[in-house]
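All remarks here apply to the structure that follows.
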Amino acid sequence: MRNRYVIGNWKLNGSLAANDALLSTLKTRVLAVSGHYCGVCVPAPYIAQAQSLLSGTALGWGSQDVSRYDSGAYTGDFSAAMVADFGCQYAIVGHSERRSIFGDSDSDVAQKFGRARNGGLTPILCVGETLAERESGETERVVERQLQQVIAAHGVTALAGTILAYEPVWAIGTGKTASPAQAQEVHKFLRGLVFRQDAAVAESLPILYGGSVKQSNAAELFGMPDIDGGLIGGASLVAEEFSGIWDALRAARQ
Ligand code: PEP
């Protein structure tokens, strides 16, 4: 049995008051379940608030990025060790918004993955194709390139204990969700890619789906054999939706 996850990605959203209301509700709805984990990746300034509200609860917290450096003259960056100081368990790396808006290359993402992992965080490595890439039949080639860069930099065994997220760019924040069959096809491809390099790592690697997951479509997605949970953007800002997605994960049978 692989561990299963529902992780929220708040992106550039939140305020002290709004976070307080959201997390106070969520912590009453997310209770510990063996092999199942729920967490929120919050904007960096609110990590301390998440720590103070969520310590001792079943909800974990994390950052949405980390620097590819450890320390030094890198204005605006924050390191894996810094967020680990505030109890973060997770760090998203390679989100498509970091890749497309902030210019993170595959090699930057591989470095960030290594920093997060070595800093004691669980990296959530995002891969995914654009609409144009899907329409030109390049989905597998793109996600393979993105994942293989990390494997080339750190070795396949570095994926042990980490999380992979397949997030088709065309489905993020658009309301368009990959069908369960479409998502399963890519998840199976990704697991197969890892399997050919290390079967044990592939079997235990949680692969989350991200892209307009909601309470209403979560159960069907989470019922697919290679979908081990979700990375949730917009719906993670609404307590009812996010806790409903968590309930769907707990109820899903694979
Ligand atoms: C995301 O940004 O990781 C994401 C999946 O967003 P949304 O759920 O809003 O599509």
Side-chain angles (χ1 to χ4, degrees), residues 4-14 18-19 22 26 37-44 46 50 59-66 88-104 109 112-113 116 121-131 133-134 139 142-143 146-147 162-180 182-184 186-187 190 206-222 224 226-249 252:
R4 312 183 81 206
Y5 296 83
V6 167
I7 305 287
N9 171 16
W10 288 4
K11 311 191 186 197
L12 186 58
N13 293 293
N19 306 344
L22 177 55
L26 284 180
Y37 299 89
C38 189
V40 286
C41 291
V42 307
Y46 296 127
L59 261 171
W61 60 97
S63 65
Q64 298 171 13
D65 195 17
V66 290
C88 281
Q89 292 104 311
Y90 307 103
I92 298 173
V93 296
H95 191 279
S96 63
E97 286 152 16
R98 299 301 313 176
R99 294 178 189 264
S100 67
I101 303 170
F102 299 98
D104 280 11
V109 173
K112 290 179 175 194
F113 178 94
L121 304 169
T122 300
I124 302 171
L125 170 65
C126 300
V127 299
E129 82 288 4
T130 63
L131 185 58
E133 288 163 342
R134 171 161 282 263
T139 298
V142 170
V143 297
Q146 292 170 332
L147 175 57
T162 73
I163 299 172
L164 184 60
Y166 168 56
E167 297 210 304
V169 179
W170 49 272
I172 295 180
T174 57
K176 284 186 200 152
T177 317
S179 69
Q182 277 175 321
Q184 165 61 22
V186 181
H187 283 229
L190 288 165
I207 308 180
L208 314 189
Y209 169 76
S212 300
V213 178
K214 300 179 282 290
Q215 207 177 344
S216 57
N217 58 21
E220 234 196 319
L221 286 159
F222 298 161
M224 303 308 280
D226 288 292
I227 301 183
D228 306 307
L231 182 56
I232 319 296
S236 71
L237 298 168
V238 182
E240 200 61 43
E241 277 288 328
F242 191 60
S243 59
I245 293 168
W246 167 248
D247 291 342
L249 182 75

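Whatever order the structure lists ligands and atoms in, that order sets their numbers, starting from 1.
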Given 3.5 Å as the limit, does a donor-acceptor pair link the side chain of [X] with the main chain of [Y], or not?
X      : Y      : value
Gln64  : Lys11  : yes
Gln184 : Asp226 : yes
Gln215 : Ile245 : no
Asn217 : Ser212 : yes

Handout entry: Residue shell around ligand 1, heavy atom under 4.0 angstrom
Key =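 Only Asn9, Lys11, His95, Glu167, Ala171, Ile172, Gly173, Gly210, Gly211, Ser212, Leu231, Ile232, Gly233, Gly234 have heavy atoms that fall under 4.0 Å of ligand 1, ordered by chain and number.
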Exercise for the section: Kindly assign one of parallel, tilted or perpendicular to the pair Tyr209 and His187, based on the angle between their ring planes and the thresholds 30° and 60°. Expected result: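 Plane angle between 30° and 60°, so tilted.
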Problem - Check: Tyr37 and Arg4 side chains under 4.5 Å, non-hydrogen atoms - result: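 No, too far: nothing below the 4.5 Å cut-off.
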